Amino acid sequence: MELTYKTIMNKIPFLLLLLCFFTNCSKDSNGDDPTTYNYFYPTDEASITAAQIGDGTGTLDPKGIAIANEKLYVANGNVLEVFNAVTLAHIKTITEYKKGTTTTPLTEITSVAVDKGRIYIGSRESRLFVIDENTNAGISIVGNGQWWQTFVHVFGVVVKDGLVFVKEKETSIKVFETSQITETSDWNLKPIAKLNTLNGFDQVYSLDVEGGNLVVAGRDAKSYLYYNIAGIRANAAGSLTEPIKPVTSTIVTKPIAVSFTNDWAVTSENNGSTNYLRLYPKADFMARNYTASVNATDVLGQNPFGSIVGVAQLNDRIFLSDNTNKKIRVIKLNKSVIEEQN
């Protein structure tokens, strides 16, 4: 597999000085010492396209993505693609759920999550496939494909701290315990709690867990949605009749995707025809202070972002599921320190 890498020209130092006047640079000053500005900026490193899958004649329609154990998982139409997240080499295409003599095709995959040896695959066909991370053998299917049963479609999934959060159509998130899903569990599991996303219809949703909170990119509510997990557990029974509403802070743009790293809330947002990659210091973001350290619509004036429906990060690489341009963009996060004499 051949990767196309971008060469960044020597205009970067000049651009950094210029951009610091127009974007958010963190400032540090101490008396007569120089004032320093920390400027973070993205550069293109590589991209993954349909040409790098199999014989290169297929398609790539990327939606939800996840990274675990140096593997990148991409929801791609009716299949789940698996790549090496370090070399970006294509590893395999998972086309079906297999358990014993039972085989069920994967169809209309929207989302994927990986947690404690399991891969959770969300399908618009009202199913959640759960398979073994190492062998890819089937563990269980939640939902039977009929939208009036367990799920009304599945548009997003995240799993952490023993809980499975499944975004379905309109304003519903259903919450399950991972212990409910076993090799012998019934397909029609009952959720332990329900959450209300305020607005929504049938779009792919992105969600993640951080600091004891479920955080949802609430595109239709024009807000990031915060649900305290301790509160979900405490009010689980009552939420089955009156789903729990989130804490919100309305913003101008539409949040499309969110994922957390050690330092950052990595997000994508949309305003009309403009798509943004925004990185917020994690503590600020959790306090609902939306001052981005990275606020980019393209990379150094080139290659504007399409609709980024999923984000993930491994080390200094940010993976963007760019559904408009039908590729996974691999961006490197850079830091430059600029000193200004007082």
Side-chain angles (χ1 to χ4, degrees), residues 64 66 75 97-100 102 104-133 137-209 212-216 218 225-247:
Y97 169 96
K98 291 183 179 180
K99 182 179 180 182
T102 300
T104 305
L106 300 183
T107 52
E108 294 195 59
I109 302 305
T110 60
S111 45
V112 59
V114 185
D115 180 74
K116 294 185 177 178
R118 290 177 170 186
I119 303 173
Y120 298 78
I121 306 167
S123 165
R124 197 179 189 281
E125 295 296 310
S126 303
R127 289 188 175 101
L128 180 69
F129 298 94
V130 185
I131 65 176
D132 185 272
E133 181 183 359
I139 296 172
S140 185
I141 302 176
V142 185
N144 69 347
Q146 295 177 326
W147 61 264
W148 60 89
Q149 298 287 341
T150 314
F151 300 118
V152 184
H153 311 303
V154 173
F155 290 111
V157 61
V158 68
V159 185
K160 196 168 184 179
D161 298 334
L163 295 177
V164 183
F165 300 92
V166 181
K167 174 69 175 73
E168 56 177 357
K169 189 177 180 180
E170 297 180 343
T171 62
S172 174
I173 294 176
K174 288 180 177 175
V175 186
F176 303 85
E177 292 181 321
T178 55
S179 59
Q180 291 179 265
I181 303 172
T182 69
E183 292 191 353
T184 58
S185 59
D186 187 70
W187 62 266
N188 194 21
L189 293 181
K190 304 304 180 185
I192 66 164
K194 293 182 180 180
L195 312 179
N196 185 335
T197 62
L198 305 180
N199 299 92
F201 191 58
D202 62 355
Q203 304 95 331
V204 173
Y205 262 63
S206 174
L207 47 165
D208 202 358
V209 173
N213 291 272
L214 170 70
V215 181
V216 179
L225 314 178
Y226 299 76
Y227 304 85
N228 180 268
I229 292 175
I232 292 172
R233 291 186 181 276
N235 297 285
S239 74
L240 298 177
T241 54
E242 186 175 349
I244 297 169
K245 293 182 179 179
V247 174

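Everything numeric in this text was worked out from a predicted model, so none of it was measured. Just the heavy atoms: all of them, side chains too, but no hydrogens, waters or symmetry mates, feed the values below.
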Partners of [X] by salt bridge (charged side-chain N to carboxylate O under 4.0 Å, His left out), sequence neighbours excluded?
{"X": "E170", "value": "none"}
{"X": "D186", "value": "none"}
{"X": "K98", "value": "E96"}
{"X": "K174", "value": "E168"}

Q | Heavy-atom pair with the smallest gap, counting every atom of A113 and V157 | A | CB-O, 3.8 Å
Q: Could you tell me which non-hydrogen atom of A75 sits nearest to which non-hydrogen atom of S111, and how far apart they are?
A: CB-N, 3.9 Å
Q: For Y120, check ring pair (Phe, Tyr, Trp, His ring centres under 6.0 Å) against everything at least two apart and list the hits.
A: none
Flag the pair [X] / [Y] as yes when at least one side-chain heavy-atom distance between them is below 4.5 Å, and no otherwise.
{"X": "K167", "Y": "T197", "result": "yes"}
{"X": "R233", "Y": "L163", "result": "yes"}
{"X": "F129", "Y": "T104", "result": "yes"}
{"X": "Y226", "Y": "P246", "result": "no"}
{"X": "T178", "Y": "V164", "result": "yes"}

Q) For residues 194-203, which residue pairs qualify under salt bridge (Lys or Arg N to Asp or Glu O under 4.0 Å), counting only residues two or more places apart or in two chains? A)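 Counting only pairs at least two positions apart or across chains, the salt bridge (Lys or Arg N to Asp or Glu O under 4.0 Å) contacts touching residues 194-203 are R124-D202.
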Q: Can you run down the salt bridge (Lys or Arg N to Asp or Glu O under 4.0 Å) pairs that involve residues 106-118, sequence neighbours left out, and say none if there aren't any?
A: none
Q.
Show every ring-ring contact (aromatic ring centres under 6.0 Å, His included) that has at least one partner inside residues 170-197, sequence neighbours left out.
A. F151-F176
Q.
Using side chain to side chain contact (heavy atoms under 4.5 Å, CB included), reason through Y205 and I173 one step at a time and then give a plain yes or no.
A. CA-CA 10 Å; Y205 262 63; I173 294 176; over 6 Å; no
Hey, does the side chain of [X] reach the backbone of [Y] with a donor-acceptor pair shorter than 3.5 angstrom?
{"X": "T110", "Y": "V204", "result": "no"}
{"X": "Y97", "Y": "V130", "result": "no"}
{"X": "S126", "Y": "G145", "result": "no"}

Among residues at least two apart in sequence or on other chains, which ones pass side-chain contact (heavy atoms from CB on, under 4.5 Å) with [X]?
{"X": "N196", "value": "T171, L198, P243, K245"}
{"X": "Q146", "value": "N144, W148, Q149"}
{"X": "A193", "value": "V175, I232, A236, S239"}
{"X": "T182", "value": "T184, S185"}

Interatomic distance, [X] atom [atom1] to [Y] atom [atom2] [nearest 0.5 angstrom]:
{"X": "K160", "Y": "I229", "atom1": "NZ", "atom2": "CD1", "answer": "8.5 Å"}
{"X": "D161", "Y": "E177", "atom1": "CG", "atom2": "CD", "answer": "12.0 Å"}
{"X": "I139", "Y": "I131", "atom1": "CD1", "atom2": "CD1", "answer": "8.0 Å"}

Q.
Using the rule given for side chain to side chain contact (heavy atoms under 4.5 Å, CB included), can you reason through L195 versus I244, listing the C-alpha separation, both sets of side-chain angles and the distance that settles it, and then say yes or no?
A. CA-CA 5 Å; L195 312 179; I244 297 169; 3.9 Å; yes
**Q.** Among I141, V142, I121, T150, side-chain contact (heavy atoms from CB on, under 4.5 Å) partner for L128
**A.**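 Only one option passes, and that is V142.
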